[in-house]
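Excluded from the calculations below are hydrogen atoms, water molecules and symmetry mates; all remaining heavy atoms, backbone and side chain alike, are included.
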Amino acid sequence: MDALDLARWQFAITTVYHFLFVPVTIGLSALVAVFHTAWVRKRNPEMLRLAKFYGKLFTINFALGLVTGIVQEFQFGMNWSDYSRFVGDIFGAPLAIEALLAFFLESTFLGLWIFGWGRIPEKLHAACMWIVHVGTLLSAYFILAANSFMQNPVGYRYNEQTGRAELTDFAAVLTNKVQLVTFPHVVMAAYMVGGAVVMGVGLWHMRRKTVGDDLPMYRKATRLGAVVTLAAGLGVAVSGDVQGKIMTEVQPMKMAAAEALYETSDSNAPFSIFTVGSLDGSEEKFAVTVPGLLSFLATGSFDGEVKGINELKAEYAQTYGESGNPLVSNSTYVPNIPLSYWSFRFMMGAGFAAMAAAAAVLWATRRDRVPTARWWTWLIVATPLLPVLGNSFGWIFTEIGRQPWLVFGLMATRTGVSPSVSAGEVITSMTVYTLLYGVLALVEVKLFLTYLRAGAPPFEEPADHTEQDEDAELAFAY
Amino acid sequence: MDFPTIWFIIIGVLWTGYFVLEGFDFGVGMLLPVLGRGTDAQDTEKRRRVLINTIGPVWDGNEVWVLTAGGATFAAFPHWYATMFSAFYLPLLLILVALIVRNLGFDYRGKRDDDRWRANWDKAIIVGSFVPALLWGVALTNLVNGLPIDADKEFTGNLFTLLNPVSLLGGLVTLGLFLTHGAIFTALKTTGQIREDARAVATRVGVVTAALAVVLLGILGFRSGNAGSWATTMVAAVALVAALVANLRAREGWAFVGTFVAIAMAVATYFLLLFPNVMPSTLNDAWSLTVDNASSTTYTLKIMTIVALVFTPIVLLYQSWTYWVFRKRIGTHHIPAASAPAAAPPAPAQR
């Protein structure tokens, strides 16, 4: 493997890993804020206990999302310096703004939330978690604007003299049609994760023989989590549908790859549930399909034309291959078909399965019921994992499907890698990240499970922030 | 003043913000084994927690300053960001690993009531504070000193190019400054024996640091100094000395202002030494990255300026409000008992 392949593997590993924790941060921050606000407004002790319980799980998870995020920001310059030179004008700005607007907000107000018990007024304290949540949304918005530019470049001009893309319309970058649909899609997917975590953890406790008087409290959490997972799942499906149509328009090769559609389908294009292609990727050998459905998903009409891989490949070979621009010529213009095809399906499958699980939980916990069959344990373990995997496969799909482009139509991936960084250096960093992340994942999961099992802390009347006893112990300390 | 120059200054300000804030986080972290040593095991544990809790609510927000500095460099000077971050590949890898384990240490340390767990995370905090405190100094000194950069703006050296006597001296200076700054911060934020111990550490480390800083800024100044950089060097020296004097007189607030200004002026000196270059080339002056040839277009810089002007005051406002909320001095008697679950139960006995 050369430095390019290593850099790509490293980026994939670090990004997928980072995005295991980010959706939990986005989704769970909202739910903790809901519980905390419910306490402040209704003075229901259960709500305070749930806020502290899920809040602790949130901080355990947030720490890993944060540290793996620092690696991401540095990685563009470290491993993709030529890419950074080329699109810094356009890609760098959202990243800088993300730090200034979102990261400062999240970090500062999370610190206030963690340490603010008994030191700031309760309403303000609860508001801190809402502000953290807003920070996560702002962060998502700006990083997705940056990524959407890579999928569908807008608001720029290519400067032949400097060989760089230059920003000409920032508003266009922030309102990229890909961005406008990707943002709700990703945020809803994050809410699915938050809901599923609250639901799974709550259900585990509901089924505990020693749950006693805490059963109603966990029931509330479980059912709220299930409703959020279902509702967010619908949002994911609807936005995903719109996204598919936009994708057909601006990244037709990606849609074709998602479908392993080798030949253009004039109308009534079938949606493939299962396709086996030839080894060289030029034709399909066997497929199980639903007639017309792909046309509908891709264009909104059963008669819509969906271009196939082979036709697009020929088109791109002409447009880009013969352009003489080394940044875009010399490529096959076709992404990895099996990976695109299967990650697309696993993404959707995981999402629908999570919704089904949430529906099952709502049904099984209706009125005063507690599901007692043994197989529910498996469902509890699966439910948070399913939407997390859905997120992972979604990102794998969207990034693999964009290949061989780094920025579609402007820059091929292989031209963006850092020329001065050797394969040896990348092997070193990749090994370090992989091993470190592996160890930390084990530590984090073990810690998460310890706190999960411990359950919600007993109710404690919150300290009054106006009392000025100089020698009183801190309500909370690391 | 043109936009590239404005953004050169802003990035200087962002690095300043990072070092004057995260600088004391690093100092406090490194001083855990020194100031966090008590009369017995229980007292030691309480003192360590006092130290960690002085920065507990604020370390995360402090760190964002470097993320903003990096992001701003990417946006305003893409060539600077690209050349610098790819050139410093292995040192940055070390810094990243250090920050990862340090940050987790702060958050995870108290989440299990187990001696070995805490001891391991303490090591992570100490090493994770030491490595960046040293390497950031090495990195920025390398920028000022110059590096082998070719006509394509690529670094042509290797790791050993980066570890040279002047840059290592620079690393020792930041190490010393952050230790001093951290000790004075501890003296400012604590009460009891730890406060006095902190002041004593600040004096000892501060004097050594001042001597090293004089040598460093002298060397760099004689190579490429100008009126501005000598002025800021003088102010930095005076501020550091004033800080140590105030510290001796137990005027911790003023001592902190002193080290704050000293660090800020040190960064200012570096940026004044650099200008109008951003990454001077030791191979050929014509190949140096400059404020002009490394920058983005005016359009990008204009947008970024508007965003910065609107949002930076807001950030400063709520960040300083946090410091005010948590202004109370902490002593060992303020630390509540550990409320974490104990270590996982032992495996069931074999038959």
Side-chain angles (χ1 to χ4, degrees), chain A residues 59-60 63-64 66-68 70-71 73-74 76-79 81-82 84-85 88-90 92-93 95-101 103-104 107-108 110-112 114-116 119-120 166-168 170 418-421 425 428-429 432 436 440 443 446-447 450-451 454 471-475 477-478, chain B residues 49 52-53 56-58 60-61 63-64 67-68 70-72 74-76 78-79 81-87 89-90 92-93 96-97 99-100 103-104 106-112 154-156 296-297 299-300 303-304 307-308 311-312 315 318-319 322 325-326 330 333-336 341 344:
Chain A
T59 59
I60 291 170
L64 266 178
L66 193 165
V67 298
T68 55
I70 308 174
V71 171
E73 191 193 275
F74 283 25
F76 295 114
M78 287 168 77
N79 288 88
S81 63
D82 270 0
S84 303
R85 295 183 200 283
D89 236 56
I90 305 154
L95 251 66
I97 297 175
E98 186 189 11
L100 184 64
L101 264 64
F103 293 155
F104 271 125
S107 304
T108 310
L110 184 59
L112 278 163
I114 293 173
F115 287 88
R119 292 166 92 155
I120 49 179
E166 293 175 353
L167 183 64
T168 54
F170 195 52
S418 298
S420 68
V421 175
E425 284 173 293
T428 306
S429 59
V432 168
L436 180 63
L440 293 179
V443 171
K446 217 163 157 221
L447 192 60
T450 302
Y451 276 86
D471 292 319
E473 279 182 356
L474 297 167
Y478 265 158
Chain B
R49 287 182 68 191
I52 291 172
N53 280 287
V58 297
D60 198 358
E63 188 173 73
V64 178
L67 299 178
T68 315
F74 191 178
H79 284 294
Y81 172 77
T83 305
M84 179 175 166
F85 279 61
S86 54
Y89 196 83
L90 289 174
L92 280 175
L93 176 65
L96 284 169
V97 172
L99 290 177
I100 290 173
N103 295 358
L104 286 176
F106 286 139
D107 203 28
Y108 283 6
R109 182 193 187 275
K111 286 188 160 71
R112 205 166 241 165
E154 298 291 347
F155 173 66
T156 59
S296 296
T297 58
Y299 180 73
T300 296
I303 304 242
M304 299 281 301
V307 173
F311 287 97
T312 310
V315 170
Y318 64 69
Q319 252 203 337
T322 297
V325 169
F326 297 108
I330 306 177
H333 57 283
H334 289 125
I335 303 294

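Interface residue Leu100(A): backbone and side-chain heavy atoms are both found under 4.5 Å from chain B. For Thr156(B), no part sits under 4.5 Å from any heavy atom of chain A, backbone or side chain. Both the backbone and the side chain of Val307(B) come within less than 4.5 Å of a heavy atom in chain A. Heavy-atom distances place both the backbone and the side chain of Ile70(A) under 4.5 Å from chain B. Contact of Ala93(A) with chain B is made through backbone and side chain together, with heavy-atom distances under 4.5 Å. For Thr168(A), the part sitting under 4.5 Å from any heavy atom of chain B is the backbone (N, CA, C, O) and nothing else. Contact of Leu96(B) with chain A is made through the side chain alone, with heavy-atom distances under 4.5 Å. For chain B, the nearby parts of Phe76(A) are the backbone and the side chain; heavy atoms of each come within less than 4.5 Å. With a 4.5 angstrom heavy-atom cutoff, Leu64(A) touches chain B via backbone and side-chain atoms both. In this structure, the portion of Asn53(B) lying under 4.5 Å from any heavy atom of chain A is its side chain and not its backbone.
Atoms CD and OG1, from Gln319(B) and Thr108(A) in turn, are 4.5 Å apart once rounded to the nearest 0.5 Å. Once rounded to the nearest 0.5 Å, the distance linking CG of Leu436(A) with CD1 of Ile100(B) reads 5.0 Å. Distance check: His333(B) NE2 to Asp471(A) CG gives 4.5 Å after rounding to the nearest 0.5 Å.
Options Ile52(B), Leu104(B), Val58(B), Ile335(B) differ in how many heavy-atom pairs under 4.5 Å they form with chain A, and the most are formed by Leu104(B). Most heavy-atom pairs under 4.5 Å with chain A, from the set Pro57(B), Ser296(B), Gly56(B), Gly110(B): that is Pro57(B). Taking chain B as the reference chain and counting heavy-atom pairs below 4.5 Å, the highest number among Leu95(A), Leu440(A), Val421(A) is found for Val421(A). Most heavy-atom pairs under 4.5 Å with chain B: of the set Asp82(A), Ile97(A), Leu101(A), Val71(A), this distinction falls to Leu101(A). Between chain B and the residues Val432(A), Thr59(A), Ile60(A), Leu110(A), the most heavy-atom pairs under 4.5 angstrom are made by Ile60(A). Between chain A and the residues Phe106(B), Phe85(B), Tyr81(B), Tyr89(B), the largest count of heavy-atom pairs under 4.5 Å involves Tyr89(B). With chain B as partner, the option from Ser429(A), Pro419(A), Gly77(A), Ala63(A) having the largest number of non-hydrogen pairs under 4.5 angstrom is Gly77(A). The choice from Gly61(B), Ala75(B), Gly70(B) that makes the most heavy-atom pairs within less than 4.5 Å of chain A is Ala75(B). Ranked by heavy-atom pairs under 4.5 Å with chain A, the first of Ile330(B), Val97(B), Thr68(B), Ile303(B) is Thr68(B).
The nearest pair of heavy atoms linking Ala99(A) to Val64(B) is O-CG1, 3.7 Å. When all heavy atoms of Pro341(B) and Tyr451(A) are compared, the pair lying nearest together is CD-OH, 3.2 Å. Residue Glu154(B) comes nearest to Arg85(A) through the heavy atom pair OE2-NH2, 3.3 Å, listed as atom of the first residue, atom of the second, then distance. What you find for Leu93(B) and Met78(A) is that their closest heavy atoms are N-CE, 3.9 Å. Shortest non-hydrogen contact noted between Ser84(A) and Pro78(B) is O-CB, 3.5 Å. Annotation for Ala96(A) and Met304(B): closest pair CB-CE, 3.6 Å, computed over non-hydrogen atoms.
Using a 4.5 Å heavy-atom cutoff, the side chains of Tyr299(B) and Glu166(A) are not in contact. The closest side-chain heavy-atom distance from Arg109(B) to Tyr478(A) is not below 4.5 Å.
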Might you work through the side-chain contact (heavy atoms from CB on, under 4.5 Å) test for Phe326(B) and Leu112(A), ending with a clear yes or no?
CA-CA 9 Å; Phe326(B) 297 108; Leu112(A) 278 163; 3.6 Å; yes

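At distances below 3.5 Å, at least one donor-acceptor pair connects side-chain atoms of Asp89(A) with backbone N or O atoms of Thr297(B).
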